[in-house]
Number of protein chains: 2
Amino acid sequence: MSDLFPKKGHNHDRCVNTALAQAEKVCADANARFTDMRRKVFTLIWQSHKAVTAYELLDALTAEGMRVQPPTVYRALEFLSDLGLVHRIESLNAYFGCDQPDCDHLGQYFICTQCGRVAEAVNEDMSKAVHKAAGKVGFTIQATSVEIKGQCHDCATH
Amino acid sequence: MSDLFPKKGHNHDRCVNTALAQAEKVCADANARFTDMRRKVFTLIWQSHKAVTAYELLDALTAEGMRVQPPTVYRALEFLSDLGLVHRIESLNAYFGCDQPDCDHLGQYFICTQCGRVAEAVNEDMSKAVHKAAGKVGFTIQATSVEIKGQCHDCATH
DNA sequence: TGTTGAAATGTTATAATATATCATTTTCTG
DNA sequence: CAGAAAATGATATATTATAACATTTCAACA
Ligand SMILES: [Zn+2]
Ligand SMILES: [Zn+2]
Ligand SMILES: [Zn+2]
Ligand SMILES: [Zn+2]
């Protein structure tokens, strides 16, 4: 069985550093500014593999002594979303960090209802099935969201 | 090309009547009460093929002279959702009527961003792909939501 | 048929999520 | 440095959703 969610006790600093490096590159390529605020929000999102709400981010920023209002957080989230650096999980009203922001993927999100972690996977078969179904009925796809809730392997077996 | 969204000028009363008859049956089978309020909310949702928000329903009820508060609407929506008579579209915070409440389907919702209509389709290939992917990574599925936004055929060609 | 207990709805208050608008600051460009 | 554009600050408010307790309705049954 292949891995999806990272193992307990994995080197998460490595996840964060990789994500930051990727984000730097994506921003540079897009000629977009990875400002302190955006980097801060991005880093907070990457503190775990869970999805985080805008107000949790707001609270985290406040806890660090910053005087931040909701629009600031939502603006950072919009910026990061637009570049594909974070994804919004519609069914949770929450955001999580994308670990493959360069690949133009049809995201499929596995959401563990027990530990709260989210993992993204590319699924060509699913993507094909969706496009085929759309083609059949003459529907022009602009965006797709596939959110799968359940138990991750760790939670199901422990 | 097969149909997905109903044709303009179709006999919508028929849609409503069919939906009501199905709802009656589903409630009876579940030994659940299809009260006036629940029927009213259900009928309002079925006034179109669009998804409707809780507060739009509230406004509609108020417009008819009823003194209704948010919890009343949300309770009706929860009841109807639980029985599979309506589905919540996560990305719209809105609800729409299911036209095949008896089939235990993995729903796939096509959402036209232009006309606002929603259509549900069963997609075995997609369902298989999702379950296969989940199996590979040891993920136990509890619920899945597939929301596809774009343009319906009518809107794309007119 | 009247009693009663569970289910449904009413009522009030508030929590949680998100955006509009205008002011100020920062950054880039010439 | 001046001026324009982008980003952030600040204030207010809109939108979506639920908690908690009171009252009403209704079906089961003594
Ligand atoms: Zn990690
Ligand atoms: Zn888990
Ligand atoms: Zn119809
Ligand atoms: Zn349309």
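Here the structure is a predicted model, which is why all the values come from computation and not from measurement. Computed from heavy atoms alone, side chains included, the values below leave out hydrogens, waters and symmetry copies. Quick note on labels: first sequence line is chain A, next is B, and so on, each numbered from 1.
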Q.
Is there a path of hydrophobic side-chain contacts, each under 4.5 Å between heavy atoms of I/L/V/M/F/W/Y residues, joining B:Ile45 to B:Tyr109?
A. no
Q | Options C:dT11, C:dA8, D:dA10, nucleotide nearest the side-chain atoms of B:Arg38 | A | C:dA8
Q. Between A:Glu147 and A:Gln108, is there a donor-acceptor pair closer than 3.5 Å when you use the side chain of the first and the backbone of the second?
A. no
Q: Decide whether A:Thr113 and B:Gln142 meet the rule of one side-chain donor and one side-chain acceptor closer than 3.5 Å.
A: yes
Q. Under 4.0 Å between a side-chain N or O of B:Thr35 and OP1 or OP2 of C:dT9?
A. yes
Q | Any donor-acceptor N/O pair under 3.5 Å between D:dA17 base and B:Tyr55 side chain | A | yes
Q) Which heavy atom of A:Val137 sits nearest a heavy atom of B:His153, and at what distance? A) O-CB, 3.9 Å
Q: Applying ring-ring contact (aromatic ring centres under 6.0 Å, His included), run through A:His49 and A:Phe5 and close with a yes or a no.
A: CA-CA 8 Å; A:His49 289 273; A:Phe5 290 85; 8.6 Å; no
Q | Separation of atom CD in A:Glu78 from atom P in D:dA6, rounded to whole Å | A | 14 Å
Q) In whole angstrom, what separates B:Leu61's CG from C:dT9's P? A) 12 Å
Q) Can you tell me how far P of D:dA17 sits from CD of B:Gln69, to the nearest Å? A) 16 Å
Q.
Let me check the geometry of the helix from C:dT1-D:dA30 to C:dG30-D:dC1. What is the bend angle between the axes at its two ends, five pairs each, to 10°?
A. 20°
Q.
Quick check: on DNA chain C, is the nucleotide nearest A:Arg33 upstream (toward 5') of the one nearest B:Ala76, or the reverse? Name the residue that is more 5'.
A. B:Ala76
Q: Quickly work out the B:Tyr95 OH to D:dT16 P distance and round it to whole Å.
A: 10 Å
Q | DNA chain D: 5'-proximal contact among B:Arg75 and B:Leu92 (nearest heavy atom) | A | B:Leu92
Q.
Output the rounded distance in Å from CD (B:Glu56) to P (D:dA17).
A. 11 Å
Q) Between A:Ala94 and B:Met66, which is nearer to the 5' end of DNA chain C once each is assigned its nearest nucleotide? A) B:Met66
Q.
Using whole Å, what does the distance between atom P of nucleotide D:dT15 and atom OH of A:Tyr74 come to?
A. 15 Å
Q.
Measure CE/A:Met37 against C1'/D:dA6 and give the value in whole Å, please.
A. 15 Å
Q. What is the distance from CZ of B:Arg67 to P of C:dT12, rounded to the nearest Å?
A. 11 Å
Q) Counting side-chain heavy atoms from CB outward, which of C:dA18, D:dG9, C:dT9 is closest to A:Thr72? A) D:dG9
**Q.** Closest to the B:Pro70 side chain, choosing from C:dT11, D:dT18, D:dA7
**A.** D:dT18
Q: Quick one: do B:Asp154 and B:Lys7 satisfy salt bridge (Lys or Arg N to Asp or Glu O under 4.0 Å)? Show the steps, please.
A: CA-CA 8 Å; B:Asp154 285 359; B:Lys7 290 205 191 313; over 6 Å; no
**Q.** Whether B:Ser81 side chain and B:Leu77 backbone form a donor-acceptor pair below 3.5 Å
**A.** yes
